[in-house]
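Presented below is the structure to which this report refers.
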Amino acid sequence: MSEKRVLMDEQAMMRAIRRISHEILERNKGLTNALIIGIERRGVFLANRLQAQIEAIEGIHIETATMNVAQYRDDRDVRVKTGPSFTLDTTGKLVILVDDVLYTGRTIRSALNALMEAGRPRAIQLAVLVDRGHRELPIRADYVSKNSPTSHTENVQVHVTDQDGVDEVVLTSEN
């Protein structure tokens, strides 16, 4: 039997996006020559929300992009070779990577490989909605909405209205 516990509801997610947006603005003292990149799938929706929130706060438009890291993964038995490579030029830009859940760090490592193939960013920062621990690589997020230590038998799922019909973060565990 599976147990489900809501870690964040719609209001908490909205506050989290707002807070991370302010933290990004404060840390960078403006965002000239910046790019927000959402990692597929739900990182894309969160990146778009961050971009909209920053635009509402500062009145500046920041370019957003989508990244599929499947072909850059090294922890799959069969690497996915289909789909376009990430080709947007990142040279000299402040890149803010956005993902929903930070777990082992392997997705972010794959994203970093893709970014470096596409150019040499001035800096790369990472924003995540939930950090659940269990890192296998020395990767940490610059902006974290919620730290939620988990066991390996638990799973953190981010649902977004655009794809799932509801905004929430849930923790599920198998008993």
Side-chain angles (χ1 to χ4, degrees), residues 7-8 13 16-17 19-21 23-24 27 34-51 53 62-91 93-164 167-174:
L7 298 178
M8 298 174 80
M13 284 180 66
I17 294 293
R19 183 175 57 254
I20 290 173
S21 299
E23 289 174 9
I24 289 170
R27 177 174 178 178
L35 176 62
I36 299 174
I37 300 175
I39 297 174
E40 287 187 348
R41 293 181 297 178
R42 285 165 184 79
V44 173
F45 300 110
L46 299 173
N48 290 332
R49 291 178 187 190
L50 277 173
Q51 185 276 334
Q53 187 66 45
I62 300 168
E63 185 178 3
T64 58
T66 298
M67 179 183 284
N68 181 329
V69 300
Q71 67 181 335
Y72 297 93
R73 299 290 299 226
D74 70 346
D75 60 340
R76 305 282 191 243
D77 290 336
V78 178
R79 286 193 189 180
V80 178
K81 296 292 184 192
T82 59
S85 297
F86 187 78
T87 58
L88 188 62
D89 185 14
T90 60
T91 302
K93 295 184 187 241
L94 166 63
V95 173
I96 300 166
L97 269 178
V98 182
D99 203 4
D100 56 352
V101 178
L102 180 56
Y103 183 35
T104 62
R106 294 195 177 274
T107 298
I108 302 308
R109 189 217 40 94
S110 300
L112 293 172
N113 285 352
L115 284 173
M116 294 319 219
E117 276 187 14
R120 188 178 189 285
R122 176 174 52 87
I124 301 170
Q125 297 173 1
L126 175 60
V128 298
L129 200 58
V130 179
D131 183 344
R132 64 173 285 192
H134 302 288
R135 217 73 75 239
E136 295 174 4
L137 300 170
I139 291 175
R140 67 164 178 78
D142 298 283
Y143 313 101
V144 178
S145 166
K146 184 169 194 62
N147 286 296
S148 185
T150 61
S151 75
H152 289 290
T153 62
E154 294 174 312
N155 191 22
V156 175
Q157 298 172 339
V158 174
H159 299 138
V160 292
T161 303
D162 309 324
Q163 186 162 347
D164 307 301
D167 279 343
E168 68 179 2
V169 178
V170 294
L171 177 70
T172 58
S173 60
E174 294 295 323

task = Take Leu97 and Leu115 through the test side-chain contact (heavy atoms from CB on, under 4.5 Å) and record every step on the way to the result.
result = CA-CA 10 Å; Leu97 269 178; Leu115 284 173; 4.0 Å; yes
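- Residue pairs meeting the salt bridge (Lys or Arg N to Asp or Glu O under 4.0 Å) criterion with at least one partner in residues 124-133, sequence neighbours excluded, are Asp131-Arg135.
- With sequence neighbours excluded, the residues that form a side chain to side chain contact (heavy atoms under 4.5 Å, CB included) with Arg19 are Ala16, Glu23, Ser145.
- Between Ile24 and Ile36 there is no side-chain heavy-atom pair separated by less than 4.5 Å.
- Listed by first and then second residue, the ring pair (Phe, Tyr, Trp, His ring centres under 6.0 Å) pairs that reach into residues 94-138 are Tyr103-His134, His134-His152, sequence neighbours excluded.
- Thr153 is linked by a side chain to side chain contact (heavy atoms under 4.5 Å, CB included) to Ser151, counting only residues two or more places apart in sequence or in another chain.
- The CG atom of Asp99 lies 4.5 Å from the CD1 atom of Ile108; values are rounded to the nearest 0.5 Å.
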Name every donor-acceptor pair, under 3.5 Å, that has one atom in a side chain of residues 37-46 and the other anywhere in the protein, sequence neighbours excluded.
{"residue": "Glu40", "atom": "OE1", "partner": "Asn68", "partner atom": "ND2", "Å": "3.0"}
{"residue": "Arg42", "atom": "NE", "partner": "Val158", "partner atom": "O", "Å": "2.9"}
{"residue": "Arg42", "atom": "NE", "partner": "Asp164", "partner atom": "OD2", "Å": "3.0"}
{"residue": "Arg42", "atom": "NH2", "partner": "Asp164", "partner atom": "OD1", "Å": "2.7"}
{"residue": "Arg42", "atom": "NH2", "partner": "Asp164", "partner atom": "OD2", "Å": "3.3"}

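- Separation of atoms CD (Gln53) and CD1 (Ile17) is listed at 8.5 Å; rounding is to 0.5 Å.
- Here Asp167 pairs with Glu10, Met13, Arg49, Val160, Thr161 under the side chain to side chain contact (heavy atoms under 4.5 Å, CB included) rule; sequence neighbours left out.
- For the pair Asp100/Val130, no side-chain contact is recorded, criterion being any heavy-atom separation below 4.5 Å from C-beta on.
- The side-chain hydrogen bond (donor to acceptor under 3.5 Å, both in side chains) test applied to Asn147 returns no partner, not counting sequence neighbours.
- When the options Lys146, His159, Glu168 are evaluated for a side chain to side chain contact (heavy atoms under 4.5 Å, CB included) with Met8, the one that passes is Lys146.
- Atom CG of Leu88 and atom OG1 of Thr90 lie 7.5 Å apart (nearest 0.5 Å).
- The CG atom of Leu7 lies 5.0 Å from the CG atom of Leu171; values are rounded to the nearest 0.5 Å.
- Considering CG of Leu137 and OG of Ser110, their distance stands at 9.0 Å, rounded to 0.5 Å.
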Let me check something: any side-chain donor-acceptor pairs from residues 119-129 under 3.5 Å, sequence neighbours excluded? List them with distances.
{"residue": "Gln125", "atom": "OE1", "partner": "Asn28", "partner atom": "ND2", "Å": "3.1"}
{"residue": "Gln125", "atom": "OE1", "partner": "Tyr143", "partner atom": "OH", "Å": "2.6"}
{"residue": "Gln125", "atom": "NE2", "partner": "Asn28", "partner atom": "OD1", "Å": "2.9"}

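- Annotation: the span from Thr172 atom OG1 to Asn155 atom CG amounts to 4.5 Å, rounded to 0.5 Å.
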